[in-house]
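Worksheet for the structure shown next.
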Amino acid sequence: MDYRKGLKPTFTFFPSFMCYPSFIAITGFGLMAISPGLMPYGYLGPVGSFLHHIAYNYQLPLRIGFGVLCLVHLWEAFIGLVFCKRTAVSTTDQVLWFIQNFYLGVFSLRAMKRIIADPRRFYKE
């Protein structure tokens with residue numbers, strides 16, 4: 001890390017109970033939008049039949065929605081990256097914040113702004 005420049009670590013991982021639902025939702029939405037044949041609809045019970053209907057009858061809106069979702073998350077990640085650069089966060093932490101902001105979106109962005117604004121509140125020396 002870039003500690004030799006006097007920069008302190010600011011990155012913190014989100015708890016797994018917040019990451020798993022996000023991963024499942026994004027992966028499922030992506031599979032339905034990009035390749036609906038790979039989605040295991042039979043294992044999802046009554047929700048699976050509904051998702052199968054959506055995936056095969058509303059393909060264009062799904063693809064547009066998935067594209068918009070990716071663009072919004074990418075925009076949030078770049079906002080986080082700009083905020084990190086302005087507050088002199090280390091390069092490694094910038095990359096980690098970018099990935100987490102892209103993955104979790106606005107929830108990670110809010111936490112990042114709060115932690116970077118006052119790191120003494122979250123890290124003991």
Side-chain angles (χ1 to χ4, degrees):
M1 296 202 167
D2 297 333
Y3 300 125
R4 64 186 177 279
K5 297 178 185 174
L7 302 174
K8 299 203 177 205
T10 59
F11 181 74
T12 182
F13 285 103
F14 261 68
S16 60
F17 70 88
M18 293 184 74
C19 295
Y20 293 137
S22 176
F23 176 74
I24 291 169
I26 290 172
T27 304
F29 191 37
L31 279 176
M32 284 175 51
I34 296 170
S35 182
L38 293 176
M39 185 79 168
Y41 301 108
Y43 293 109
L44 300 175
V47 175
S49 62
F50 173 71
L51 293 177
H52 183 272
H53 171 73
I54 296 291
Y56 285 98
N57 293 325
Y58 299 100
Q59 189 66 34
L60 183 62
L62 267 177
R63 287 187 179 190
I64 292 171
F66 186 68
V68 167
L69 174 88
C70 289
L71 287 175
V72 166
H73 278 259
L74 190 64
W75 179 252
E76 290 169 344
F78 277 118
I79 288 173
L81 189 64
V82 168
F83 187 69
C84 283
K85 286 184 185 287
R86 285 186 184 167
T87 54
V89 173
S90 69
T91 307
T92 307
D93 285 350
Q94 287 179 14
V95 171
L96 292 172
W97 276 117
F98 180 83
I99 292 168
Q100 184 167 301
N101 281 333
F102 180 72
Y103 183 62
L104 295 175
V106 72
F107 301 111
S108 177
L109 190 64
R110 277 193 305 173
M112 179 192 71
K113 288 174 71 176
R114 193 172 59 233
I115 289 171
I116 291 176
D118 189 16
R120 290 174 289 139
R121 208 169 118 196
F122 296 94
Y123 300 104
K124 298 190 189 236
E125 305 242 352

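Just so it is clear, the model here is predicted, and its values are computed rather than measured.
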State yes or no: do [X] and [Y] share one hydrophobic cluster built from I, L, V, M, F, W and Y residues joined by side-chain heavy-atom distances below 4.5 Å, directly or via other members?
| X | Y | value |
| --- | --- | --- |
| I34 | L74 | no |
| F23 | L38 | no |
| Y41 | V47 | yes |
| F83 | I79 | yes |

Residues in side-chain contact (heavy atoms from CB on, under 4.5 Å) with V68, at least two apart?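 Per chain and number, V68 pairs via side-chain contact (heavy atoms from CB on, under 4.5 Å) with I64, V72.
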[atom1]-[atom2] distance between [X] and [Y], expressed to the nearest 0.5 angstrom:
| X | Y | atom1 | atom2 | value |
| --- | --- | --- | --- | --- |
| T91 | L96 | OG1 | CG | 11.0 Å |
| L104 | E76 | CG | CD | 10.0 Å |
| F98 | D93 | CZ | CG | 15.0 Å |
| W75 | L109 | CH2 | CG | 11.5 Å |
| L81 | W97 | CG | CH2 | 12.5 Å |

Where is the tightest heavy-atom contact between [X] and [Y], given as atom of each residue plus distance?
| X | Y | result |
| --- | --- | --- |
| F66 | A33 | CB-CB, 3.7 Å |
| L51 | M39 | CD1-CE, 4.3 Å |
| F29 | L69 | CD2-CD2, 3.8 Å |

Quick test of your reading: applying side chain to side chain donor-acceptor pair (under 3.5 Å), list the pairs with at least one residue in residues 101-110, sequence neighbours left out, ordered by first then second residue.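 For residues 101-110: Q100-S108, N101-S108.
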Do any pairs count as a side chain to side chain donor-acceptor pair (under 3.5 Å) and have a residue in residues 44-66, sequence neighbours left out, and if so which ones?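 The answer is H53-N57.
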Starting from the C-alpha separation in whole Å, work towards a yes-or-no answer on side-chain contact (heavy atoms from CB on, under 4.5 Å) for V82 and F78. CA-CA 6 Å; V82 168; F78 277 118; 5.5 Å; no
